[in-house]
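All remarks here apply to the structure that follows.
The basis for the numbers below is simple: all heavy atoms, side chains too, and nothing from hydrogens, waters or symmetry mates. In this text the structure is predicted, and so the values were computed from the model without any measurement.
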Amino acid sequence: MARLYGNLPPNRGFTIRRDSGRRPAFMNGAETLLQTLLNNDVDVCFANPGTSEMQFVAALDRHPAMRGVLCLFEGVATGAADGYARMTGKPATTLLHLGPGLANGLANLHNARRARTPVVNIVGDHAHTHKELDSPLESDIDAAARIVSSWVRRPATPADVGPDTAAAVAAALCADVPGDPDPSRTGTSGAVSTLIVPADLSWSPGTAPALRRTQRALQTVSHHDIDITAALVTGPEPAALLIDGTGLSESGLKAAARIQKATGTLSFCPTWPARLRRGAGVPHIQPLGYRAEAVGRQLSGIKHLILVGAREPVASFAYPGRSGILTPPETTVHRLAPDSGFDVADALNRLADAVTPDLFAPLPVPDAPPRIVNEALRTKNWAQVIGALLPQEAIVVDESITEGMETLAPATANSPAHDVLGLVGLAIGQGLPVAVGAAIACPERPVVCLQADGSALYTISALWTQAREALNVTTVILNNRSYAILRAELDRVGAGQIGPAATALLDLGQPDIDFTTVATGLGVPATRARSTAELAELFSTALATPGPHLIEAILQPT
């Protein structure tokens, strides 16, 4: 100890415990870390721990305010932390085992980063004296973490554990981090931070937990920028708003509706935003299409595209002979709020006040719920069933991908008011884990996970966590027995004639996957629907019954 950290006088820098029982005689580094998280309002941990994290696991018994949620795969833990933070606005923490554990969670950390979601990763590492042995799990954790993290740090001494933990939370919330030289987080509303904790720091005597840091407030758009934008939307040339971040809240959408009512300015949002308020009583906003052709039609004739907390739209992939920039050449791009680190809803309300101070757009009158006609389930009708039966204040986790790309938004536009959590980063396997986190964040609200079959298999073990935690999640697996989106992409990239070898890599049949059996084996009751009437009956029953349920919707080919 003295060799690594200098001479530490007895009992200095840690708390003597006077009580008996299972509590140790001192607060160790793991307890310092855990209590600092609690001091900073981080009280949920999605965990897949290993040996290096056992001190943290043991400390949970002494700090019951921290809720530990076991996930069978690290990608479920990271996706759940994303879903939790999208609904609460505050980070959860993940507990991951060394470099391979972090690597298993990278895809959903990528999604969290693209969604600007605050997540704090706690990654255990080997003790200092063990790293030089190059044991089997030794890896460059720091390099892996930087792929998805805007902030990475490892405490060097026991005295660093508390301050560095508080700094990790502050970095995730984009608060000011004293002594942090990295300015890249400025202007973002949420970020992934990673704290790498050597095992010997966890078992060593700890120091006092750090106190809470102050979160940085969202930035305010200047009066000058509001005036310039007001001139654009009231000018003679057609303009449109592309809105993201807090602008997709009910307040922001009502302001956008006022602007459109007064000036004719259209409003769009990203194809799959991190969180979007929708449904009855909420003004409609049109998502941009996934395909470049669709976006071209939507923006045709627009001379000014104003980004309000949004990025300029680009194609997800490159295609031979096509531009990746989706804004038409004749359209000029302007930025009212450069990103969602700005108070986008406030900017929209101030813009609405500038162009129409006395006008309030009437809310759309909901149409009657569509009548469900009993027929075989297909791409064009399954979403109508969900839209007709969606409950009030549902949280809809949308990873329907191909099956919902053109059908889900219109089918749910007049459903009771709800929130939609989208696949911002396009790394599939997000839906089931995000539903776990959303259900833990909002236990009083029903969670509906609309999940493509192929991507469900990436993180199917999330069902076990749903069962273990008795979460009110209704999952609808949209089973078309194929990677349908990849079939479309194969055509679009001009790869030539599609033969049996290529077809086999996109086919999920032979054998068919029985999702009801898989779900039941993981502890989730499951049923199967082949018609709209069956889906309506099973969906209604699942919503009315506490706990998780899965419905396998067998979709017939179009």
Side-chain angles (χ1 to χ4, degrees), residues 114 229 232-245 247-248 252-279 282-319 321-337 339-340 344 348 351-352 361 364 379-380 383 387 398 400-414 420 422-426 485 488-489 491-492:
R114 297 295 298 194
T229 307
L232 287 172
V233 300
T234 57
E237 297 183 322
L241 306 176
L242 179 56
I243 302 170
D244 203 354
L248 300 181
L253 293 173
K254 287 180 177 178
R258 289 173 59 199
I259 296 166
Q260 182 169 349
K261 178 73 173 177
T263 68
T265 302
L266 299 177
S267 294
F268 300 95
C269 69
T271 310
W272 291 299
R275 181 174 175 179
L276 169 65
R277 187 68 171 168
R278 298 193 79 243
V282 180
H284 299 169
I285 189 169
Q286 188 175 359
L288 287 180
Y290 176 70
R291 307 290 186 203
E293 299 87 341
V295 178
R297 290 190 296 270
Q298 289 172 309
L299 299 183
S300 177
I302 299 297
K303 297 300 182 182
H304 301 280
L305 180 63
I306 303 161
L307 307 181
V308 192
R311 302 179 175 98
E312 183 175 358
V314 297
S316 297
F317 305 100
Y319 301 97
R322 303 181 188 181
S323 172
I325 299 173
L326 300 184
T327 308
E330 66 276 10
T331 302
T332 302
V333 176
H334 309 265
R335 289 171 172 81
L336 174 58
D339 56 48
S340 65
V344 181
L348 287 169
L351 179 60
T379 299
K380 294 185 177 180
D398 177 20
S400 56
I401 313 180
T402 306
E403 296 299 342
M405 198 177 293
E406 297 180 358
T407 60
L408 185 60
T412 56
N414 294 309
V420 182
L423 185 63
V424 184
L426 293 186
I485 195 166
E489 294 296 327
D491 292 332
R492 292 173 63 81

Tell me, with the steps shown, if V308 and D244 meet side chain to side chain contact (heavy atoms under 4.5 Å, CB included).
-> CA-CA 6 Å; V308 192; D244 203 354; over 6 Å; no
Please report the shortest heavy-atom distance between [X] and [Y], naming the atom on each side.
X: A315; Y: L326; answer: N-CG, 3.6 Å
X: A239; Y: T265; answer: O-CG2, 3.4 Å
X: P270; Y: I243; answer: CD-O, 3.2 Å
X: P287; Y: A409; answer: CG-CB, 4.4 Å
X: W272; Y: L426; answer: CZ3-CD2, 3.3 Å
X: L248; Y: I285; answer: CD2-CD1, 4.0 Å

Heavy-atom distance under 4.5 Å between the side chains of C269 and L276, does that happen here?
->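 Yes, close enough: below the 4.5 Å cut-off.
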Student check: side-chain heavy atoms of I306 and V233 closer than 4.5 Å |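 SC-SC contact between I306 and V233 confirmed.
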Under 4.0 Å between a Lys/Arg side-chain N and an Asp/Glu carboxylate O for E406 and R291?
->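 Looking at E406 and R291, the cut-off is not met.
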Test log, rule side chain to side chain contact (heavy atoms under 4.5 Å, CB included), inputs L242 and L305 = CA-CA 7 Å; L242 179 56; L305 180 63; 4.1 Å; yes
How far does [atom1] of [X] sit from [atom2] of [Y], to the nearest 0.5 angstrom?
X: S400; Y: M405; atom1: OG; atom2: CE; answer: 8.0 Å
X: L241; Y: L351; atom1: CG; atom2: CG; answer: 7.0 Å
X: T229; Y: L336; atom1: OG1; atom2: CG; answer: 4.0 Å
X: L348; Y: R258; atom1: CG; atom2: CZ; answer: 10.5 Å

Keeping the roles fixed (side chain from [X], backbone from [Y]), state whether a donor-acceptor pair exists under 3.5 Å.
X: T412; Y: L408; value: yes
X: T379; Y: E403; value: no
X: T331; Y: H304; value: no
X: Q298; Y: G289; value: yes

Before giving the answer on side chain to side chain contact (heavy atoms under 4.5 Å, CB included), spell out for L266 and Q260 the whole-Å C-alpha distance, their side-chain angles and the decisive distance to 0.1 Å.
-> CA-CA 6 Å; L266 299 177; Q260 182 169 349; 3.8 Å; yes
So E312 and T327, side-chain hydrogen bond (donor to acceptor under 3.5 Å, both in side chains) or not? Walk me through it.
-> CA-CA 8 Å; E312 183 175 358; T327 308; 3.1 Å; yes
Side chain to side chain contact (heavy atoms under 4.5 Å, CB included) between E293 and R322: does it pass, once the steps are laid out?
-> CA-CA 11 Å; E293 299 87 341; R322 303 181 188 181; 3.5 Å; yes
